[in-house]
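Since we're looking at a predicted model, the values are computed, not measured. The analysis underlying the following values was restricted to heavy atoms, covering all of them including side chains, and did not include hydrogens, waters or symmetry mates. Every chain is numbered from 1 and lettered A, B, ... according to where its sequence line falls, protein lines coming before strand lines.
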There are 2 protein chains.
Amino acid sequence: MESIKHRYSRQRETILQVLRGTLEHPNADWIYNKTRRIIPNISLGTVYRNLSQLVESGRIIRIKDDAVIRYDANIKHHDHFRCTSCGRWYDIEILDNTVIESFNKKHKFHIEAFNLELEGVCEICL
Amino acid sequence: MESIKHRYSRQRETILQVLRGTLEHPNADWIYNKTRRIIPNISLGTVYRNLSQLVESGRIIRIKDDAVIRYDANIKHHDHFRCTSCGRWYDIEILDNTVIESFNKKHKFHIEAFNLELEGVCEICL
DNA sequence: TAAATAACAGTAACTATTACTATTAGCTTG
DNA sequence: CAAGCTAATAGTAATAGTTACTGTTATTTA
Ligand SMILES: [Mn+2]
Ligand SMILES: [Mn+2]
Ligand SMILES: [Zn+2]
Ligand SMILES: [Zn+2]
């Protein structure tokens, strides 16, 4: 992290400032439109390229990496562990209601659903 | 759940059997190719439509609903709560290392990353 | 058996993202 | 401070995953 050497560019710095100025967790298009108010002729491709570089250099993070929808015939609630080495998916159980209840005590939110995904190397691959 | 009335179709039943026969957590394309071995001229649109109907009727679930990548300038590890009413994203802290350690004791996996996402109605909207 | 319409195959359209290309601009070295 | 190297850019084309449309087929009901 933070080790990749990039030349300065006004576009990249502006994109970073735009993202730092919001709590929206926006997507590329939202960032594109905000940034266009500062650099009107910036290209959408530039936004995508710089967002990727900013992730690469650890200055921002990306949420929901996997753009593909996956399906599961196991319909009882469960969590997932995905092995980055072999790609296997494992059904696991970590979160129970105690976690949720402790959350409910701190915040006054009404939880409808929760999803936990772990990533790492599985026993077979180790 | 299970209340929507659908006519029988060989395509839908085959898709369901294909998904029930694997632990792959496959995407639509994988399911399409497997199902084509049984119904060679099935259409990809049919696969998508039936997967959606099966989700609707609660016979399967979908993982990673949101196909859009979102970005966050808050790079310290944190979880998210998203309000289904107003769309706001909240940075939260639920998972700590005790959860991970207890997982490590049960399974011999090496965890590299984990991501928790909660969904519900926030305090403002309640 | 016939009418009503859900579901189908095939295809077109759409959306988010990535790749390509000629031009511009940040950095390094003399 | 040029000159040259090449990363980064704007603009556009291409790709991937998904959804929408359309005329035909098949399931259900009476
Ligand atoms: Mn599963
Ligand atoms: Mn966040
Ligand atoms: Zn593995
Ligand atoms: Zn809300």
Is there a side-chain contact between [X] and [Y], using heavy atoms and a 4.5 Å cut-off?
X: C122(B); Y: C86(B); value: yes
X: L51(B); Y: I31(B); value: yes
X: N41(B); Y: R36(B); value: no
X: V47(A); Y: I42(A); value: yes
X: R10(A); Y: I39(A); value: yes
X: H78(B); Y: I61(A); value: yes
X: F114(A); Y: H77(A); value: yes

Rounded to the Å, how far apart are H6(B) NE2 and dT28(D) P?
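Rounded to whole Å, this separation is 13 Å.
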
Measure the distance from CZ on R7(A) to P on dC5(D) and round it to the nearest whole Å.
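Rounded to the whole Å, the gap is 12 Å.
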
Check nucleotides 12-19 of chain D against the protein and report each pair of N or O atoms closer than 3.5 Å, with its distance, or say if there are none.
{"from": "dT18(D)", "atom 1": "OP1", "to": "I69(A)", "atom 2": "N", "distance (Å)": "2.9"}
{"from": "dT18(D)", "atom 1": "OP2", "to": "Y48(B)", "atom 2": "OH", "distance (Å)": "2.6"}
{"from": "dT18(D)", "atom 1": "O5'", "to": "Y48(B)", "atom 2": "OH", "distance (Å)": "3.3"}

State plainly whether the residues R59(A) and E13(A) are in salt-bridge range, i.e. N to O under 4.0 Å.
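Yes, charged N to carboxylate O under 4.0 Å.
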
Do the charged groups of E56(B) and R62(B) touch, with an N to O distance under 4.0 Å?
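Salt bridge absent between E56(B) and R62(B).
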
What residues in residues 33-40 of chain A put a non-hydrogen atom under 4.0 Å from any atom of DNA chain C?
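Going residue by residue through residues 33-40 of chain A, none turns out to have a heavy atom under 4.0 Å of DNA chain C.
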
Is any side-chain N or O of Q53(A) closer than 4.0 Å to OP1 or OP2 of dA7(D)?
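Checking dA7(D) against Q53(A), no side-chain N or O comes under 4.0 Å of OP1 or OP2.
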
Acceptor/donor pairs from residues 16-26 of chain B side chains to any protein atom, 3.5 angstrom cut, sequence neighbours excluded:
{"from": "T22(B)", "atom 1": "OG1", "to": "E24(B)", "atom 2": "N", "distance (Å)": "3.0"}
{"from": "H25(B)", "atom 1": "ND1", "to": "L23(B)", "atom 2": "O", "distance (Å)": "2.9"}
{"from": "H25(B)", "atom 1": "NE2", "to": "D72(A)", "atom 2": "OD2", "distance (Å)": "2.9"}
{"from": "H25(B)", "atom 1": "NE2", "to": "H80(A)", "atom 2": "NE2", "distance (Å)": "2.9"}
{"from": "H25(B)", "atom 1": "NE2", "to": "D91(A)", "atom 2": "OD1", "distance (Å)": "2.9"}

What is the 5' to 3' range of DNA chain C, first to last nucleotide, that sits under 4.0 Å from any heavy atom of chain A?
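The protein-touched segment is dA16(C) to dC27(C).
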
For R49(A) and T46(A), run side chain to side chain donor-acceptor pair (under 3.5 Å): C-alpha distance rounded to whole Å, both residues' side-chain angles, the deciding distance at 0.1 Å, then the answer.
CA-CA 5 Å; R49(A) 183 169 11 82; T46(A) 299; 3.2 Å; yes

Quick one: list whatever passes side-chain contact (heavy atoms from CB on, under 4.5 Å) with Y48(A), sequence neighbours left out.
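Result, side-chain contact (heavy atoms from CB on, under 4.5 Å) vs Y48(A): A28(A), L44(A).
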
Terminal axes of the helix from dT1(C)-dA30(D) to dG30(C)-dC1(D) (five pairs each): angle between them, nearest 10 degrees:
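The two end axes of the helix from dT1(C)-dA30(D) to dG30(C)-dC1(D) meet at 40°.
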
Which residue lies more 5' along DNA chain D, comparing Y8(B) with R49(B) via nearest heavy atoms
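Counting from the 5' end, the first nearest nucleotide belongs to R49(B).
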
H107(A) vs Y90(B), test: ring-ring contact (aromatic ring centres under 6.0 Å, His included). Steps then yes/no.
CA-CA 11 Å; H107(A) 311 76; Y90(B) 294 87; 8.3 Å; no

